Every structure is written in C-alpha cells, then in structure tokens.
Amino acid sequence: MYGEKSAMNTNYSIIRIQQYLNGELGKDEMYQLEREALDDPLLQDAIDGYRMQKEVSHRQLSLLQQRLAARIAGQANERNAFYFGWQRLAIAATACVLMVLVLVLLWMRNYHMQPKATEKEVKVELAPSEEVTHIHAEDVGEAGFDAQPEGGWNLFNAYLAESTDKLTVAGKAELTFEIDAEGKPAAIQSIGTTDALLLTEMQQLLEEGPAWKGTKAKITIAVE
Amino acid sequence: MVSDEQRLLEEYRKTGDLQLLGRLYEPYMPLVYGLCFKYYKDEVKSEDAVMQIFESLIAKLRIHEVTNFKSWLYTLARNHCLMDLRAANRINTVDIDDYIVESDLFLHQHHSGEQIPEERLALMESCLKELNEEQQRCIRLFYLEQKCYREVAELTGYDLNKVKSYIQNGKRNLKICMERNQQ
C-alpha cells in the first residue's frame with residue numbers, strides 16, 4: 001500500500017536520502033529510491049529540498065523535534081489554562097444564575113406581600129370608626145369664656161355619649177364658639193390643627209345638641 | 001486492516017490529544033522540512049513552516065476524516081508553502097512544470113501497484129514510440145533497464161536534472177496516451 005512503508009521507516013528514509021545525495025548508495029538502491037519518489041511526491045519534494053540545501057542536518061531535525069515536543073507540552077499547559085478558564089466561567093455562570101434566582105424570589109415575595117399590606121391598612125383605618133365608645137367634653141375654664149350647657153355638663157356629656165354612633169373618627173379637639181340669640185353654638189372653630197372630619201362631626205353634634213347659655217365658650221372634646 | 005496511523009488519526013479526532021498527533025506527525029517532519037525548503041529556499045522559514053503545518057493539523061484533523069494521511073499531508077504542506085509564497089509575492093521563483101507533473105502523479109498514484117496485463121504492455125510499447133526521443137530514451141533506461149538517474153545521465157549524456165524531468169514528463173505523457181487509447 002502507498003505510504004505505509006515510508007510512514008513506518010521515515011528515519012530510515014531520511015538516512016537513505018542523505019546517502020543518496022552523498023552518492024553513498026549503490027546503483028540499485030539509488031534506482032529503488034528514485035522509483036519510490038516518482039510515486040511519492042512528498043518524498044520527491046523532500047529529496048529536491050535537501051538537494052537544494054546541500055545537506056541533511058540531523059542537528060536541525062532534532063531541534064525541530066524538540067520544538068514539536070515543546071509545542072505539545074505547551075499545549076498541555078494551555079489546555080490546563082483553558083480548563084481553569086472553563087472552571088472560572090462555570091462558577092461565574094452559577095453565581096449569575098443564583099443572583100437572578102434570589103432577585104426573582106425577592107420580587108415575588110414583595111409582589112405577594114403588597115396586597116396583604118393594603119388590606120391591613122384598610123382595617124386599621126376602619127377600626128376606630130367602629131370603635132368610638134367614649135366621648136367627653138369639658139370646659140377649659142379660661143377667663144372671658146362664660147358659656148355653659150343649659151342643662152349642665154353632665155347632661156351635655158350624656159347627650160354626647162348617646163351620639164357616639166354619629167362619630168367615625170377618634171381624636172381630641174379644643175373648640176371655641178359663640179352662642180347666638182336662640183342659645184345655639186355658632187362660628188365653631190378649633191384651636192390648633194384638628195382632623196377635618198373630626199371637626200365637621202363635632203360641629204354637627206354641637207349644632208344639633210342642647211342649647212347653651214352665656215356668650216362665648218371654650219371647651220375640649222375627647223373622642224376615644 | 002487498521003494500520004497504526006489510522007488508529008492514531010481516529011483517536012486524535014475523538015480526543016484532540018496532541019501527544020497522538022505528535023506521534024503521527026513526527027515521522028514525516030524530515031520530509032515536510034525538505035519539501036518546505038524546496039519552496040522557501042530558506043532554513044528558518046522552512047523550520048517555521050514545519051511548525052505552522054503542525055498547527056493547522058491540530059484543527060483540521062479534528063474535523064476531517066483522513067484515510068491516506070501521507071498524501072493528504074503532502075497536499076496540505078505544499079499548499080501551505082505555495083499560499084505563503086503567493087502571499088509574499090514570490091511565486092515566480094518556482095518551476096510550474098514540476099507541479100503539473102507531480103500533481104498528475106499524485107492523482108494517479110493509486111494505479112501504481114496494479115498488475116499490467118499483456119495488451120497493456122503492447123499499448124505501452126506503441127505509446128512509448130510517441131514520446132520525444134529524450135523522454136523515450138530516459139524512460140526505457142529507467143523503467144525497462146532499471147538504471148538510476150545518474151546512470152541514465154551517463155549513458156545518454158543528458159544533464160542529471162534534465163533526466164529527472166524527462167522521466168517525470170515521459171511517465172505522464174505515457175499515462176495520458178495509454179488512457180486515451182484504452183477508451
């Protein structure tokens with residue numbers, strides 16, 4: 001078979017080439033090599049090349065062999081570097097996946113938590129309006145404010161206590177108002193900041209409530 | 001039958017282990033070096049080319065399924081040198097005729113071991129007569145009388161290099177003639 005023989009015996013063939021070029025081969029051997037070369041272009045070109053170089057340098061060839069060996073060893077190192085590179089890459093990829101997973105989990109948790117939070121808020125808002133159980137009013141007792149409920153403070157507070165169902169907000173307010181000709185509270189104002197709803201509800205309570213005597217009043221009302 | 005070479009080729013293609021490729025390439029390195037020197041006419045460039053060819057083997061032999069490594073390597077190595085020279089614009093320093101002869105031989109090498117039947121010998125005899133005188137004389141001396149190039153040169157008085165090219169071209173012409181007459 002073509003190529004088989006020379007593949008196995010290349011060392012032998014490079015020596016033959018050398019001997020051939022140095023004229024050290026017998027005529028039959030020379031003929032044999034020439035015959036082989038005619039059917040083997042690689043051998044032919046190699047012979048031509050060595051003839052041009054005018055020598056077969058074994059030192060040069062062994063240096064080439066060393067270069068090849070170094071190349072193979074170098075590739076082994078490079079491979080290791082590649083291997084570590086892959087390892088690093090794998091770690092980095094895993095870290096990325098884990099991070100994304102954690103982020104998704106956090107997001108999902110937030111997403112599920114949010115509706116619960118609003119529910120709770122609503123409950124908190126509703127709770128006091130349903131639970132207004134106690135209301136108490138009293139005179140601040142400041143000079144210049146002489147007005148009193150017509151039936152006295154106890155009666156007035158009894159009226160307030162009966163009206164708790166009209167209140168929706170808890171809180172404490174200090175109010176001033178004047179008593180008109182018919183004994184009704186008028187121009188009811190709060191001192192300091194008071195919840196707008198609380199103020200409205202108190203104004204309503206006072207206007208619909210019992211009559212007052214005197215001219216001006218300054219009272220506190222606490223809703224619990 | 002699986003030769004050592006085939007086994008190495010196959011294993012390398014599967015594993016990419018450079019040790020295997022080294023074992024495969026090393027025996028051919030002296031020949032590849034000689035070939036490279038023929039084209040480059042420069043020792044350092046030829047040495048580098050031997051290594052560059054190994055580099056291209058690394059990738060190519062992982063992809064291609066090669067059955068005849070030696071002739072495949074020859075084509076690869078020669079193309080490497082020629083392409084490189086062409087890139088360097090020095091292609092004019094090589095003899096084109098040589099390549100035609102050799103590539104022709106290369107294509108027909110598979111027939112080299114065949115048994116030659118009687119009628120083909122007759123055909124060859126008539127084709128031999130069609131060759132020019134120099135080719136005819138050299139072919140007869142070389143193939144029929146089995147003289148080596150130097151003997152042929154001494155007997156004919158031709159230059160040794162001429163003898164070589166007469167034989168190469170004569171062989172090619174003979175083959176063309178015989179194939180033409182056979183059909």
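We use all heavy atoms of the structure for the numbers below, so side chains are in, but hydrogens, waters and symmetry mates are not. Predicted, not measured: the structure shown is a model, and the values here were computed from it. Within every chain, numbering begins at 1; the chains are lettered A, B, ... in the order of the sequence lines, protein sequences first and strands thereafter.
- Between A:Gln53 and B:Tyr33, some side-chain heavy-atom pair lies under the 4.5 Å cut-off.
- Every residue two or more places apart in sequence or in another chain that forms a side chain to side chain contact (heavy atoms under 4.5 Å, CB included) with B:Ala153 is listed here: B:Leu160, B:Val163.
- Residue-level contacts of residues 130-145 of chain B with chain A, in order of numbering, are B:Phe142, B:Tyr143; threshold 4.5 Å between heavy atoms.
- Rounded to the nearest 0.5 angstrom, B:Arg150 CZ and A:Lys27 NZ are separated by 8.0 Å.
- Both the backbone and the side chain of B:Tyr149 come within less than 4.5 Å of a heavy atom of chain A.
- Within the 4.5 angstrom heavy-atom criterion, only side-chain atoms of B:Glu151, from C-beta onward, approach chain A.
- At least one side-chain heavy atom of A:Ile17 sits under 4.5 Å from a side-chain heavy atom of B:Leu31.
- Looking only at side-chain heavy atoms (C-beta outward), B:Lys164 and A:Gln44 come within less than 4.5 Å of each other.
- At a threshold of 4.5 Å between non-hydrogen side-chain atoms, the residues A:Asp45 and B:Tyr39 count as touching.
- Residues B:Lys171 and A:Asp39 have side chains in contact (heavy-atom distance under 4.5 Å, counting atoms from C-beta outward).
- Nearest heavy atom pair, residue B:Tyr25 against residue A:Leu68, reads CD2-CD1, 4.1 Å.
- When A:Met52, A:Glu34, A:Met30 are compared by the number of non-hydrogen pairs under 4.5 Å with chain B, A:Glu34 comes out ahead.
- Taking all atoms of both residues into account, the shortest heavy-atom contact from B:Cys148 to A:Tyr31 is CB-N, 3.6 Å.
- Separating the CE atom in B:Met51 from the CG atom in A:Leu64 is a distance of 7.5 Å, to the nearest 0.5 Å.
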